[in-house]
Structures are given as structure tokens and as C-alpha cells.
Amino acid sequence: MVNEPQAGAFPNVLLRWLAATRPAFLGVTLIACLIGLASAATSGVEVDALRAVTTLVLALAAHAAANVINDVHDAINGSDAANAARIFPFTGGSRFIQNGVLGLREAALLGYGLLALVVPGGLWLVTVSGSGLLFIGGAGLFIAWAYSAPPLALMCRGLGEPAIVVAWLLVVCGADLVQRASPAWLPAVAGLSYALLVAGILYVNQFPDVAADAAAGKRTCVVRLGPKRARWGGWVIALLSGGCLAGGVASGVLPMAAMLALLSLPVSLCAASGLVRHAEQPARLVPAIRLTLIAAHLHGLLLVMSLLIAPGVPE
């Protein structure tokens, strides 16, 4: 396991800020953008490189901002500080505030500063891609804030997983819309199965944190259901994701090649089985957590590849 960061570990302020965003976990957003770009490309849209790179940078910045804002509000409510069962680096936050790497004020300025920096670039993309992007971008920034911050604090109300599904679906649809300049069903259907698996990452990570979350008053799904009942949620998410993908192909919205992404399903089911066995044994959940991460990344990359190799899908 990776050691937790300690005060003085990052003498370079820029490296400290970068590390505080949890860059190792930003890959899910990179893949979501690639799905959106592949969706546009398979529909015959010529991908504009500048718009694509700008979309990717802004999406990664928004995700990084959400990570830091989450750490700030978990530090305020005390859930991370009291989390003795955490499995670093997967659960329990970045530990930057708790271990004195960043002060609470510095972390808040970093998180909300990153969120603010997304706005100018997003407005430029709106001018070149159409007003529909204003809704998608605005909704994405709202979720990045509302997921952790009161008064909504969606993660504390059992709404964390739905918020994650919507957020990553917006990333896919936004990346497509920037290129296509008009709404389409293909990116929404293509992105849904992937967004569900990203939500599954959040879901499994709640199990080691359940006692600390409950003590801090965070009513996550696992706190509400209890680990014994909630352990079956991994199976539900995995099967629902696979069903959405298969349904998209059956409906004709997705090309048949998209079924290639179902090669990730056995990995998801292995992770779900591990969660069922060890839901009440946090220290033994590392394999399930890792497999959940692998399944989401594998599914997304296979989906990108399948869209790129498929015959054109006109919209």
C-alpha cells in the first residue's frame, strides 16, 4: 500500500497542489472524454483537436476541484479524521489536511480556485459549440460543488452514486457535443454503462469508511442500508451496467462492436463477489476495490475502441 503523505513531503508548492487533487484517480474522467470523442467520430464528425484538448483539460480540472472540495468538507465534518479503518489511497480522502500537508484554507482556495478556472474555458467552448453546452457544463460544475458542500452535500444524503452517474454521463455528452455542436442519443447511451461503473467505485469505497461516516452524520448508501444489506449493491451496479450496454446495442443506438466492452463484466462480477464476502471486513476489501477500478477503466477503454472500429453510426 502507498504511504500517506506527511507534512514537508512536497516542498514545491505546485507539486503539493497537484498531488492534493489525487491525480491517480483522474483517469476515469480522461476515459469519459475519450468515449465522447469516439462517439462523435463514429458518427462521422471530424474531431477538432483544439476543442478536444480544451474539453479534456477543463474536465480534468473540474474533477480535480471536486476531489479537493470533498477533502475540505470531509475535514470540516470530521469523517476523515476519525476514519481508522480507511484504506489509503482508495478511501478516507487524500489525508493532506489531516496530516498537515495543506491547511484547510489553502485546500479550500485550491479546490474552489480550480472550479472557478474552468468557467472561462467553458464559456469559450460554448461560443464555438453552441448554447447546449452551457447547460451541460453548468450542471457538471454544480454537481462538483453540491456533491460535498452543504447545504446539499449529496454524498451525505445517499445521493452520491446518482450524482456520480449524472456527472460522468455529462462528461461523455459534453465531449461529444463540443465536437458535434448538437445533442444526440449516441453519447448518452454509450456513456451510461460506463458512468454506472464509475459510481460503483464510489460505492465500494464507502464500506471501509462506514463507521466514520456514520459517526460524522454522513448518510451514505452504505450507512443507510448497513454493510450486510448494501454488499449486494456491487452485483446490482455491475449487472445494470452490462444490461444498459446490451440494451443500447439491441435498440440500434450502439453498434454491435460495443458488445466488446462486456469483456469487463467478469472483472466487475469478481469485484462484486469480493464485496459480498468481505463487506464487513474492511482490511480485506482491497482486491474488490482494485478490481472495481480495473473494471471501470477496462470497460471504458473497450467502449472507446469499439466505437472507433465500428462502421459509421449516423445520427
Side-chain angles (χ1 to χ4, degrees), residues 28-45 132 135-136 139-140 143 159-177 179-180 182-204 221 230-273 275-276 291-315:
V28 290
T29 295
L30 168 62
I31 292 173
C33 288
L34 293 178
I35 294 171
L37 294 173
S39 167
T42 198
S43 300
V45 177
F135 168 77
I136 290 178
I143 292 174
L159 297 174
E161 288 80 6
I164 294 299
V165 172
V166 173
W168 265 265
L169 194 54
L170 287 172
V171 174
V172 175
C173 292
D176 177 281
L177 183 61
Q179 302 296 327
R180 193 190 299 265
S182 61
W185 280 111
L186 178 58
V189 175
L192 183 56
S193 61
Y194 176 69
L196 283 164
L197 293 182
V198 175
I201 297 171
L202 168 69
Y203 189 77
V204 70
C221 285
R231 60 183 175 163
W232 297 104
W235 277 88
V236 173
I237 293 170
L239 293 175
L240 185 58
S241 171
C244 287
L245 182 73
V249 172
S251 67
V253 177
L254 293 179
M256 182 61 68
M259 293 296 286
L260 183 67
L262 285 182
L263 290 175
S264 67
L265 185 57
V267 183
S268 291
L269 295 180
C270 284
S273 296
L275 180 59
V276 169
L291 286 172
T292 303
L293 283 162
I294 292 169
H297 286 76
L298 178 61
H299 182 94
L301 291 173
L302 289 171
L303 189 53
V304 170
M305 181 170 36
S306 69
L307 288 172
L308 292 177
I309 67 174
V313 181
E315 284 283 337

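One is the number of the first residue; the rest follow in order along the sequence.
Nearest heavy atoms, Ala271 versus Leu291: CB-CB, 3.6 Å. When all heavy atoms of Pro255 and Val249 are compared, the closest pair comes out as O-CG2, 3.6 Å.
Annotation: side chain of Ile143 is in contact with side chain of Val166 (closest heavy-atom distance under 4.5 Å). Looking at Thr29 and Trp168, their side chains come closer than 4.5 Å, going by heavy atoms from C-beta outward. At least one side-chain heavy atom of Arg180 sits under 4.5 Å from a side-chain heavy atom of Pro187.
A side chain to side chain contact (heavy atoms under 4.5 Å, CB included) with Ser264 holds for exactly one of Leu298, Leu245, Ile294; it is Leu298.
Looking at Ser39, its side chain never comes within 3.5 Å of a backbone N or O of Ile35 through a donor-acceptor pair. Judged by distance alone, with hydrogens and angles left aside, the side-chain atoms of Ser241 form no donor-acceptor pair with the main-chain N or O of Leu197 at under 3.5 Å. In this structure, the side chain of Tyr203 does not engage the main chain of Cys221 through any donor-acceptor pair within 3.5 Å.
Note that CD1 of Ile201 and CD1 of Ile164 are 9.5 Å apart. Values are rounded to the nearest 0.5 Å. Going from atom CG of Leu192 over to atom CG of Leu169 covers 6.0 Å, rounded to the nearest 0.5 Å. Note that CG of Leu34 is 10.5 Å distant from CG of Leu303, once rounded to the nearest 0.5 Å. With rounding to the nearest 0.5 angstrom, the OG1 atom of Thr42 is 10.0 Å from the CG atom of Leu254. A distance of 12.5 Å separates CG in Leu275 from CG in Leu269, rounded to the nearest 0.5 Å.
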